[in-house]
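To start, the structure itself, in structure tokens.
Chain A is the first sequence line, chain B the second, and so forth, proteins listed ahead of strands; every chain is numbered from 1. Just so it is clear, the model here is predicted, and its values are computed rather than measured.
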2 protein chains.
Amino acid sequence: VIRLTDVSKTYDTGAIQVQALKHVDLVINEGEFVAIMGQSGSGKSTLMNILGCLDRPTSGKFYLGEDDVSVMDPKELATVRNKKIGFVFQSFNLIPRTTALKNVELPMIYARRPKTERRRQAEALLARVGLADRGDHLPNELSGGQKQRVAIARALVNQPQMLLADEPTGNLDTGSSLEIMELFTALNSEGVTVVVVTHEEEIAAYCGRVVRFKDGQLISDLLQEPV
Amino acid sequence: VIRLTDVSKTYDTGAIQVQALKHVDLVINEGEFVAIMGQSGSGKSTLMNILGCLDRPTSGKFYLGEDDVSVMDPKELATVRNKKIGFVFQSFNLIPRTTALKNVELPMIYARRPKTERRRQAEALLARVGLADRGDHLPNELSGGQKQRVAIARALVNQPQMLLADEPTGNLDTGSSLEIMELFTALNSEGVTVVVVTHEEEIAAYCGRVVRFKDGQLISDLLQEPV
Ligand SMILES: Nc1ncnc2c1ncn2[C@@H]1O[C@H](COP(=O)(O)OP(=O)(O)OP(=O)(O)O)[C@@H](O)[C@H]1O
Ligand SMILES: Nc1ncnc2c1ncn2[C@@H]1O[C@H](COP(=O)(O)OP(=O)(O)OP(=O)(O)O)[C@@H](O)[C@H]1O
Ligand SMILES: [Mg+2]
Ligand SMILES: [Mg+2]
């Protein structure tokens with residue numbers, strides 16, 4: 001269970017001050033499939049970075065289950081990040097001079113999984129996202145949508161309890177997008193909590209709930225029948 | 001006028017060989033508004049890099065107007081790239097430690113335009129894409145869709161004859177996407193040739209022609225009534 005209570009986030013870099021999130025209250029229960037929508041610049045990635053324990057709120061409380069994340073020690077936080085959360089970044093964040101296969105294996109190296117197991121799991125996930133024949137390519141030898149799919153495979157490789165995906169289909173054709181959403185739906189039916197940022201209504205249609213942001217504020221939160 | 005005749009592109013990096021484009025014939029006349037569509041990995045960005053004089057075909061001919069691009073000298077080619085073509089990269093390619101405003105001014109520096117003129121034009125274009133208040137942000141202080149819009153502004157700043165945009169709305173909400181397509185439509189009505197790679201039918205609907213790729217081959221080329 002994720003609980004954000006009166007969460008605000010201000011970026012303050014001297015000359016620049018931006019209130020990216022303003023007094024956000026949000027509860028996401030285990031097993032939900034939630035879409036986050038809103039205009040460009042409305043705070044979606046900022047929210048995802050907080051949920052993914054990659055950044056901290058400026059004010060307010062963030063609970064993961066019973067735990068107040070702001071008082072977790074760094075070791076505890078790293079364990080949550082590496083083992084419980086799978087994160088697909090909006091700009092993929094692949095390691096440049098590292099093959100697709102090695103990029104997907106990386107989280108398993110942090111989780112200290114055995115070498116043969118890592119290899120097998122990475123190959124299986126690359127095949128699952130349609131990239132079985134691209135494992136030995138470097139990121140700059142992959143198309144935009146292929147990089148995006150490597151980032152998705154990498155997020156799934158430690159079988160996370162929660163998947164946070166920031167615009168996971170932004171660079172994908174319709175066919176590939178629907179395949180990815182089918183994959184997320186399958187994971188969700190196995191109990192994985194899935195939160196997806198998207199700007200496409202056909203993608204949000206796979207979710208059971210749509211939360212909308214505008215200028216850093218949560219402006220609507222509606223349940224729906226997934227398509 | 002762009003003329004590709006029997007153009008193929010193979011990426012050959014020792015262990016890896018990929019035929020990204022196979023025997024492509026394509027003519028785009030001045031003033032057209034063309035959408036390029038196709039699955040992830042089907043060769044669209046490869047095509048755009050060739051059209052933008054950023055990469056060369058492995059075989060076949062590429063004519064820009066009367067000129068065979070393969071026999072142009074580097075100085076001529078640089079002039080075409082910097083002054084006649086505006087290019088929006090799929091991954092934006094902004095300069096990291098440089099403000100949005102400076103990123104947009106960069107092509108005008110190469111074109112040796114006066115400082116005051118550069119500043120005014122850059123500010124006007126940032127305002128046009130809705131980022132008037134983000135000029136002093138660095139790329140890592142911008143949202144995904146904001147970075148994309150800076151890349152669009154930068155492509156327009158030398159008033160190019162041809163605009164090549166690779167997935168220019170991939171990170172934009174519907175409202176911002178339609179604003180960008182209205183902007184491109186306005187430019188096209190002023191005589192700018194516009195070629196847009198997109199995977200969204202609602203975006204392709206703004207174009208007068210849709211060219212589709214599959215596995216490196218051009219599989220269909222149809223005129224349509226723009227919406
Ligand atoms: N430098 C490279 N070396 C080897 N293969 C490459 C290289 N760049 C691209 N490729 C391969 O060439 C094919 C075409 O790539 P391209 O980037 O043109 O696809 P695309 O249609 O733009 O895809 P997307 O919609 O995912 O952006 C892909 O299968 C890709 O893996
Ligand atoms: N490091 C930073 N410093 C200053 N401002 C920032 C920083 N990061 C983001 N911002 C600003 O915070 C606001 C919210 O950014 P965020 O990335 O969360 O938006 P978003 O909803 O994900 O947008 P998009 O749909 O374009 O990806 C934006 O206006 C952005 O300019
Ligand atoms: Mg974002
Ligand atoms: Mg591409």
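- In terms of non-hydrogen atom pairs under 4.5 Å with chain B, the most contact-rich of A/Glu141, A/Glu167, A/Met37, A/Glu200 is A/Glu200.
- For B/Gln148, no part sits under 4.5 Å from any heavy atom of chain A, backbone or side chain.
- Atom CG in B/Asn140 sits 10.0 Å away from atom OH in A/Tyr11 (nearest 0.5 Å).
- With a 4.5 Å cut-off on non-hydrogen atoms, B/Glu201 does not touch chain A at all.
- Both the backbone and the side chain of B/Gln146 come within contact range of chain A, judged by heavy atoms closer than 4.5 Å.
- Side-chain N or O atoms of A/His199 include one that pairs as donor or acceptor with a backbone N or O of B/Leu172 at under 3.5 Å.
- Both the backbone and the side chain of B/Ser40 come within contact range of chain A, with heavy atoms under 4.5 Å apart.
- Annotation: A/Arg119, atom CZ; neighbour count of heavy atoms from other residues, nucleotides and ligands within 6.0 Å does not exceed 12.
- Residue B/Val18 touches chain A through its side chain alone, counting heavy-atom pairs closer than 4.5 Å.
- Shown here is A/Arg128, whose CZ atom has no more than 12 heavy atoms of other residues, nucleotides or ligands within 6.0 Å.
- Around the NZ atom of A/Lys22, the shell of radius 6.0 Å holds more than 12 heavy atoms that belong to other residues, nucleotides or ligands.
- Heavy atoms of B/Ser176 lying under 4.5 Å from chain A belong exclusively to its side chain.
- A distance of 10.0 Å separates CD of B/Gln39 from OG1 of A/Thr174, quoted to the nearest 0.5 Å.
- Using a 4.5 Å cut-off between heavy atoms, B/Thr13 touches chain A through its side chain atoms alone.
- Of all the heavy atoms in A/Gln90 and B/Asn171, the pair that sits closest is NE2-OD1, 2.9 Å.
- For B/Ile16, the part sitting under 4.5 Å from any heavy atom of chain A is the side chain, from C-beta outward, and nothing else.
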